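Numbering of residues begins at 1 and proceeds along the displayed sequence. Model, not experiment: these values are computed from the prediction.
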Amino acid sequence: MTATRDGASYEVAVRAESALGEGPTWDPATGRLLWIDILNSRLNGYDPATGRRTLRRTDQHVGAVKPRAGGGLVLNLRDGIGLLDPDGTFRWLRHEPVPGRRGNDAAVAPDGALWAGTMRYDEATGGGTLARVTGDGTAELVLDDVTVSNGTGWSPDGRRMYYIDTPTRRIDVFDHDADTGRVTGRRPLAEVEDGAGFPDGLTVDAEGCVWVALWDGAAVRRYTPSGALDRVIELPVPRVTACAFGGPGLTDLYITTARVGLDPAPPLAGSLLVVPGAGEGVAQPAFAG
C-alpha cells in the first residue's frame, strides 16, 4: 500500500515559539485545546471558536496536562503528579521527586486512570518509567526500563493499548484488560525506518488507526490496526511532537511542535498546527481524580 501524502493541508492554529510544545488534548467541557511547553513550564489553552488563548506557568517542568472528571486539571510534573482545582489551587496527588528525572507524556485510560511516563534529562537508557495512577493517587509501576516514555493511547474498544518509547523507533501494542487496567503481550505494531525521524506522541482515531508525530521527521503518520502505513501529513517543521483530535466534532487534528535544538529554527517551529477535517477522533476520558 502506498501512503497518501497531503503535506499542504495544515493551518496555523496558534503561532508560537514553544521550546518543546507537547501533549495536545481536547477538553470537551470547555471547548478548548490544551497543550504544554515542557521546558518553559507553561500550560496553554486555545478556544478555536473565539480565538482566545490562555497561559499559565507552572513552578517546574510539566510533561502533560489532562482534564479531570470533576473539573480542573491533572499535571505530569518533574516531581510527580499534581492537581489544579477549578479555582486554580494547586496540590500534589503524588510527590516523588527523583534527581535528574522528569515527567513526560501521559494519557488517560478508558477507566479514568492516568498512565504517566517519565524520562531522565540526559535521556539515559532505561532511566524512565511508565506508571498507572488511579484517582486516589495509587500508583502501579508498569514499565521500569524506559528511555523516553512518550505516546500512549487505546483502541476505540479499549482492548488494545499503544505505546512509544521513542529511541526504540517502534509503536508497540499491548492487550489491555478494561476490567483490571492490566496490559500484557507487548509486541511491535510498526517501526519507523532510519531517516524518517523518531516516533513521539500519538492518538487513535475512530477507525482504530494510530496517528504518530515524528520528531525530526517533519510529519505525522497514520498506521492501520494491522500496522500498515496508509497516510502521511508532511509539515513545515522538523520537530513534530504530538497530535490529538479536537473541535466540536473531533474532526480536526491538532499538532504540537518544538524549536529546541534548532539553529536557525524554521518560522513555525514551536507553533500549534491544525489539519481541519483530518479524520474522526474518539472522545477522551477525563482523569478520575
Side-chain angles (χ1 to χ4, degrees), residues 1-10 20-24 104-105 107 117 119-120 122-128 130 143 145-155 160-175 183 185-205 207-245 253-263 265-266 268-271 273 275 278-279 281:
M1 177 184 294
T2 301
T4 300
R5 293 182 177 270
D6 46 341
S9 57
Y10 71 88
L20 188 51
E22 263 283 8
N104 204 44
D105 206 353
M119 60 175 285
R120 289 194 59 82
D122 61 6
E123 299 186 17
T125 302
L130 179 68
L143 299 175
D145 187 21
V146 174
T147 301
V148 180
S149 188
N150 254 315
T152 308
W154 288 263
S155 59
R160 285 179 152 202
M161 187 185 89
Y162 299 100
Y163 178 68
I164 290 170
D165 180 2
T166 292
T168 68
R169 308 188 81 101
R170 297 193 316 267
I171 301 98
D172 287 344
V173 57
F174 294 78
D175 297 314
V183 290
R186 183 178 185 175
R187 57 207 182 269
L189 175 77
E191 185 168 349
V192 177
E193 68 275 15
D194 287 348
F198 292 84
D200 199 327
L202 67 79
T203 194
V204 183
D205 67 20
E207 297 179 348
C209 294
V210 184
W211 297 72
V212 180
L214 296 183
W215 176 270
D216 283 343
V220 171
R221 289 182 171 186
R222 187 175 92 149
Y223 292 90
T224 69
S226 66
L229 174 63
D230 75 339
R231 190 171 177 190
V232 179
I233 298 176
E234 297 174 332
L235 297 165
V237 294
R239 299 201 153 168
V240 185
T241 57
C243 54
F245 284 96
L253 187 71
Y254 286 91
I255 302 165
T256 50
T257 66
R259 62 191 296 114
V260 63
L262 299 176
D263 187 17
L268 293 179
S271 293
L273 308 179
V275 181

* Structure fact -> All heavy atoms of Y163 vs all of T152, minimum pair found to be CD1-OG1, 3.4 Å
* May I ask you to test the L143-D145 pair for a side-chain heavy-atom distance under 4.5 Å? => no
* To do: State the CG-CD1 distance between D105 and I164, to the nearest 0.5 angstrom.
  => 9.0 Å
* To do: Give a yes or no on whether the backbone of G185 and the side-chain of R187 come within a donor-acceptor separation of less than 3.5 Å.
  => yes
* Report yes if the side chains of T203 and L253 come closer than 4.5 Å at any heavy-atom pair, otherwise no. => yes
* Asked: Are the side chain of S155 and the backbone of G208 linked by a donor-acceptor contact shorter than 3.5 Å?
  -> no
* Asked: Rounded to the nearest 0.5 Å, how far does CG of L273 lie from CG of L235?
  -> 6.0 Å
* Looking only at heavy atoms, what is the nearest atom pair of A269 and R259, with distance? -> O-NH1, 2.8 Å
* T256 backbone acceptor or donor facing T241 side chain under 3.5 Å -> yes
* Structure fact -> In terms of heavy-atom contacts, P225 and E207 come closest through CG-O, 4.0 Å
* To do: Flag the pair T166 / W215 as yes when at least one side-chain heavy-atom distance between them is below 4.5 Å, and no otherwise.
  => no
* Calculate, to the nearest 0.5 Å, the distance between atoms CH2 and CZ belonging to W211 and R222 respectively. => 5.5 Å
* Asked: Can you name the residues that form a side chain to side chain contact (heavy atoms under 4.5 Å, CB included) with A190, not counting sequence neighbours?
  -> I171, Y223
* Asked: What closest approach, in Å, do A213 and V220 show between heavy atoms, and which atom pair accounts for it?
  -> CA-CG2, 4.2 Å
* Indicate yes or no: at least one non-hydrogen side-chain atom of T257 is less than 4.5 angstrom from one of L268. => no
* Gap separating the CZ atom of R231 from the CG atom of D205, nearest 0.5 angstrom -> 9.5 Å
* If you measure from CE on M161 to CG on D175, what distance do you get to the nearest 0.5 Å? -> 10.5 Å
* To do: Please report the closest heavy-atom contact between T147 and G126, naming both atoms and the distance.
  => OG1-N, 3.1 Å
* Do we get R169 above F198's six-membered ring, with its NZ or CZ under 6.0 Å from the centre and within 45° of the axis? -> yes
* Asked: Would you call P266 and P238 a side-chain contact if the rule is heavy atoms closer than 4.5 Å?
  -> yes
* To do: Measure across V146 and L130 and return the closest heavy-atom pair with its distance rounded to 0.1 Å.
  => CG2-N, 4.4 Å
* Side chain to side chain, P199 and N150, heavy atoms closer than 4.5 Å -> no
* Full working for side chain to side chain contact (heavy atoms under 4.5 Å, CB included) between V204 and R160 -> CA-CA 11 Å; V204 183; R160 285 179 152 202; over 6 Å; no
* Please test R239 against D216 for salt bridge (charged side-chain N to carboxylate O under 4.0 Å, His left out), starting from the C-alpha separation and ending with a verdict. => CA-CA 5 Å; R239 299 201 153 168; D216 283 343; 2.8 Å; yes
* Structure fact -> Rounded to the nearest 0.5 Å, the CD atom of E193 sits from the CG atom of L229 at a distance of 7.5 Å
* Does one side chain, of S149 or N104, offer a donor that lies under 3.5 Å from an acceptor on the other? -> no
* **Audit row: Y10, V237, side chain to side chain contact (heavy atoms under 4.5 Å, CB included) steps and yes/no** => CA-CA 12 Å; Y10 71 88; V237 294; over 6 Å; no
